[in-house]
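As structure tokens, the structure follows; a few thoughts come after it.
Counting begins at 1 with the first residue of the sequence.
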Amino acid sequence: MNPSKSLKSVALVTVTAAATLLLIQACGGGAVAQSIDADPVEGTWEAVITVRDCTTGAAILTAKGQQVLHRGGTLSDTNAAPPTTRGVGFGTWRRDATGAGYTARFRFNRYNPDGSLAGTLRVARAFTLSADGNTQTSTNTSQVLDAAGAVLQNACAGDVSTRVL
């Protein structure tokens, strides 16, 4: 076989494959990611969380947290607690049926001082987005569970979150 002819065949196959790939992308090859419309709540948020007594509403403590609300309805969560005491939170969010507010649910692992699993914390948030889209206000309920999944405590909180990105 002629080496020059073989090289031309390889080049033709490579160019054809590249052109096909570009055509697929131009015609919506990324359609899965593009078919889901952006929601104004998507982005990175920094929160000031106030834990409250569920009965009286009195503030118990204040902490900082961060959440990323991803396109498609998933979320990632963390806070200012040392990473040795708490894992990253994962969950979901969605616009409520009225379209005026949102709900989110997430959970994260809690750890004992020796690094062993203490259990999990489950959080449910109901929140609204400000008219300018840069602030969220929420009411949160949570359950502290032991390592076996038994509920140890119910807790209440609220937060005001500000858009970071």
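- Checking side-chain atoms of Trp93 against main-chain N and O of His70 turns up a donor-acceptor pair under 3.5 Å.
- Separation of atoms CD (Gln66) and OG (Ser161) is listed at 10.0 Å; rounding is to 0.5 Å.
- With rounding to the nearest 0.5 Å, the separation of OG1 in Thr137 from CZ in Arg125 is 9.5 Å.
- Among all heavy-atom pairs drawn from Leu145 and Gln143, the shortest one is CD1-O, 3.3 Å.
- Note: the hydrophobic cluster containing Ile49 does not contain Phe108 (ILVMFWY, side chain heavy atoms under 4.5 Å, direct or indirect links).
- Taking 4.5 Å as the limit, every side-chain heavy atom of Arg95 sits out of range of all side-chain heavy atoms of Val41.
- With a 4.5 Å cut-off on side-chain heavy atoms, Lys64 and Glu46 count as touching.
- Here the side chains of Asn154 and Thr141 are not in contact, with every heavy-atom distance at 4.5 Å or above.
- One distance of note links CZ of Arg52 with CG of Leu61; it measures 10.5 Å at 0.5 Å rounding.
- Contact detail for Leu75 and Thr92: the closest heavy-atom pair is CD2-O, 3.6 Å.
- Minimum heavy-atom separation, Asp96 to Ala100: OD1-N, 3.4 Å.
- How far CZ of Arg163 is from CG of Leu69: 8.5 Å, rounded to the nearest 0.5 Å.
- At a threshold of 4.0 Å, the pair Arg86-Asp77 counts as salt-bridged, since one of the basic side-chain nitrogens sits closer than that to a carboxylate oxygen.
- Listed by chain and residue number, Glu42, Arg71 satisfy the side chain to side chain contact (heavy atoms under 4.5 Å, CB included) test with Ala38 (two or more places apart in sequence, or in another chain).
- Judged purely by atom type and a 3.5 angstrom limit, Asn112 has no side-chain atom pairing as donor or acceptor with the backbone of Asp114.
- Hydrophobic clustering (side-chain heavy atoms under 4.5 Å, transitive across Ile, Leu, Val, Met, Phe, Trp, Tyr) keeps Val48 apart from Val51.
- A chain of hydrophobic side-chain contacts below 4.5 Å, direct or via other Ile, Leu, Val, Met, Phe, Trp or Tyr residues, connects Leu152 to Val123.
- Arg110 and Thr120 get closest at one heavy-atom pair: NE-O, 3.3 Å.
- Here CG of Leu117 is found 9.5 Å from CG of Asp146. Values are rounded to the nearest 0.5 Å.
- The shortest non-hydrogen separation linking Phe127 to Thr103 is CE2-C, 4.1 Å.
- Side-chain contact, Ser138 with Asp159: a donor N or O sits under 3.5 Å from an acceptor N or O.
- The nearest pair of heavy atoms linking Leu129 to Gln136 is CD1-CG, 4.1 Å.
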